Each structure stands twice: as structure tokens, then as C-alpha cells.
Visitor: 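My questions all concern the structure below.
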Protein chains: 2
Amino acid sequence: MNDPRVPHGQGGETLLFLTDDQLRQGIEAMFFAYRGFTADPDRILADISYGRAHHRALHFINGAPGTTVNNLLRILGVTKQSLNRVLRTLIEDGLVESRVGRADKRERHLFLTEEGRALERRLSDAQRARMRDAYRTAGPEAVSGFKKVLEAMMDSELRRQYHALREGRND
Amino acid sequence: MNDPRVPHGQGGETLLFLTDDQLRQGIEAMFFAYRGFTADPDRILADISYGRAHHRALHFINGAPGTTVNNLLRILGVTKQSLNRVLRTLIEDGLVESRVGRADKRERHLFLTEEGRALERRLSDAQRARMRDAYRTAGPEAVSGFKKVLEAMMDSELRRQYHALREGRND
DNA sequence: TTGGAATGTCAACAAGGCTGACTTAATATT
DNA sequence: AATATTAAGTCAGCCTTGTTGACATTCCAA
């Protein structure tokens, strides 16, 4: 901390000396960037008196149509009571459809209605626009590093889910 | 979206074609990574019945000792009423000291007490440890890209504040 | 001296987390 | 067949942390 020098190259590139201040900078970058990350959808949501929780539900149902409630609350990392409150309003408002499972009738499979897809698109358009601008500003190599660090920052269970979501999608 | 090809090199590296799915991946990475980012301090805070808001206040007072309340709420992006509730408990619990300004006696300058510094250190040690691991796993080039993208994701006002925090610190 | 800024406080409210207890239905297990 | 477990939903109550609005105090500056 009193020695901000970074002796790299010594012992290979994997061993790098990181000062507390360098790490603090990363922490603050995450804090401020996350604010920007949520700012655009938050503005849209505020107008229609929905919250971030609704956005998250719409996002993941859109990404995995037919997902079960149990599945969804594992991804979101909330209790079923908390998710249920959000889900109920989305179903009542006709944005989400809940279908009884065919194989296992205890399960409910969740789908976006046409209206739900429209809102999801509106929200994610705003969020993607910011992401696209950031990616373009930073350049392709930066994007690759960005994703590497974010992935390394996840808990292993979250990382597993993150990868599971990719499978079956064209990326 | 139907054409996941990425024609890069055409028109320089700044013009890159980004599919919706590529951007969605980045969005989900931010979501899951932020969960990891806050997980360790959250666990510590839960034990002592404080919340994330207390952590944020401690973090920024630690980084800019003597900062005013107005300053702090601009950085945190919350109302003074919201900040005040958190600040009051921190002062009552002897973690933060509020000194009346010498030049302008309306202002209160905020400092961490010894106990406050101890908690801040405990929280940020946990958060820095995860950050350090992530940085080491991803490597120095990835870290540079990570910071570039995060910075590009901030609102301009947030980016201004982010840089202002660096000045006067040895990074 | 008066206007405005900085701060603090009270009250009320909402979103969105949580726990715990309980029901219903369906599936699994023994 | 009886029993246990699982998925989902619901109700009640609690907490944190955000919001508005109204108002008091203090003090600087024009």
C-alpha cells in the first residue's frame, strides 16, 4: 500500500502485484457502471410503476421460455414468496402466461405473452443500446477482457448458471 | 439477429457488428457478476444487522475523509433523507464522526472513527480479495479491458465523479 | 436584513427482500 | 396402498432502503 510499484514479468504474467488502491478503483468502477447499466430500463419501469424485479423476471422468461418457477427463482436468487409477488402482477397484467406442466402437473411453465415480449423488448433495447455503445467505445479486445473478469468474479454456482443460459442460444 | 456473423476489420476495429445475443450475454454477465461482487460484504453485514447502504457510506467516507453530506449523497445517488437514516445509525454506533465545518459551519464533515475504519477494512478486505482473485484469473490485459468497458458504461456525470475520486490518491 | 443554501427531522409510503406457517396437488418412495 | 416429498401458491409480518413533502434551524452572502 505504501509501495504502488507493480513488479510484473517477475514470475510470469499470472503473478501480478495488485495494490489496494488499484482494487478499490475496480470496485468503484463496478459500482458506478452498474448504476449506468440499470439507469435506462429503470426510467422506463418507473413510468409504468414496475420495478427492477419485474424487468429481471421478464428478461429470464424471455431468454428461457417455458422455464419453471423453481428454475427462475434459482436464477434470480430470491425466495418464491418474493418472486411470486412480482410474477402475480405480471400474470394479472397479461404480460406473462403460466401453463400447467404436461409431464409434471405440479410445475408451471412460464411464457411471455405478446404484450410481455413488447415490454421486454422495449427494456432490453434500451439496455442493449448502452451496452453496444460501451462495447464500441472500448473496442473488441476490451470486451473480451471485460467478460473474462466478470466471469471470474462470479460464484461458481452463478457461473454454472451463466453458462447454462448460453447453451441452446446462438452466440 | 438472424446473422450472427461478425464482420470485423471492415472499416476499422471501431465499427463492429454486435448481435443482440452477444449483448444479452454481456448484460447477464453484469447481473451475475454484481451478485458475486456484493456477496462477501453482504454476508458480513448480515451478521451485524447493517445493509449495503452502510457499506457504501463507509466506503466513500473512507476514500474521501472530511467529505460533506451533500457531497456524499451526490456520489451515492440517494436522497438526503435516505442517507441520513443510514448515517445516523453509523454515528450513533460510533463508526462515523460528524464535525461541523470550520469555514462553513452549516456543513458537516464526515470521518471514520477507529471502529469505523476497522469495519470498513473488514468489508473491503473481503471485496478486494474477490477482486484480486478475479484480476489474477483473468490477467492484466483483461483487467484493462474490463475497466475500459465499465467506464464506457457510466453516465457522463458518474464518470466525472469516478475520475474525481482518483485524484489525490496514489493509483 | 433578507434570501437562499446546507442540514436535519418527522411522517408516510412503496418496492422488494426475508422468514415462517399452511394448503393443495401431484409425484415418488417404501 | 400408505406415506413422504416436491412444486407452487398464499397469508402474515418484518426489515432495509429507497421515495415525497413539509418544516425548522443555522448561517452565509448579497
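Note that these values count all heavy atoms, side chains included, but never hydrogens, waters or copies made by symmetry. This one's a predicted model, so the numbers in the text were calculated from it and none came from an experiment. In what follows, chains carry the letters A, B, and so on, assigned in the order in which the sequence lines appear, proteins first and then strands, with residues in each chain numbered from 1.
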Visitor: Write down the distance between CZ (Arg99(B)) and P (dT7(C)), rounded to a whole number of angstrom.
Guide: 16 Å
Visitor: Only one of Arg128(B), Gln127(B), Arg122(B) clears side-chain hydrogen bond (donor to acceptor under 3.5 Å, both in side chains) with Asp125(B); which?
Guide: Arg128(B)
Visitor: Which residues in residues 101-109 of chain A have a heavy atom closer than 4.0 Å to any atom of DNA chain D?
Guide: Arg106(A), Glu107(A), Arg108(A)
Visitor: Could you state the atom-to-atom distance from NE2 of His55(A) to C1' of dA15(C) in whole Å?
Guide: 17 Å
Visitor: Measure CD1/Ile48(B) against C1'/dT16(D) and give the value in whole Å, please.
Guide: 14 Å
Visitor: I'd like to know if Asp93(A) and Arg88(A) make a salt bridge, using a cut-off of under 4.0 Å between side-chain N and carboxylate O.
Guide: no
Visitor: What integer distance in Å separates His54(A):NE2 from dA14(C):P?
Guide: 14 Å
Visitor: On DNA chain C, nearest-nucleotide positions of Arg52(A) versus Val69(B): which is more 5'?
Guide: Val69(B)
Visitor: May I ask you to check if Arg56(B) and Phe60(B) form a cation-pi contact, with NZ or CZ under 6.0 angstrom from the six-membered ring centre and within 45° of the axis?
Guide: no
Visitor: Start with the C-alpha gap between Arg108(A) and Thr68(A), add the side-chain angles, then the distance that decides, and say whether side chain to side chain donor-acceptor pair (under 3.5 Å) holds.
Guide: CA-CA 6 Å; Arg108(A) 303 298 139 92; Thr68(A) 64; over 6 Å; no
Visitor: Using 30° and 60° as the class limits, which term best fits the ring planes of Phe146(B) and Phe146(A): parallel, tilted or perpendicular?
Guide: parallel
Visitor: Tell me which residues in residues 79-97 of chain B put a heavy atom below 4.0 Å from DNA chain D, sorted by number, or none.
Guide: Thr79(B), Gln81(B), Ser82(B), Arg85(B)
Visitor: Salt bridge check: are Arg159(A) and Glu28(B) linked by an N-O gap of less than 4.0 Å?
Guide: no
Visitor: Per the side chain to side chain donor-acceptor pair (under 3.5 Å) rule, what does the pair list look like for residues 146-158 of chain A, sequence neighbours excluded?
Guide: Glu151(A)-His163(A), Asp155(A)-Arg130(B), Glu157(A)-Arg160(A), Glu157(A)-Gln161(A)
Visitor: Under 4.0 Å between a side-chain N/O of Asn70(A) and OP1 or OP2 of dT6(D), yes or no?
Guide: no
Visitor: Whether Arg117(B) and Glu115(B) form a salt bridge (side-chain N of Lys/Arg under 4.0 Å from carboxylate O of Asp/Glu) is what I want to check.
Guide: no
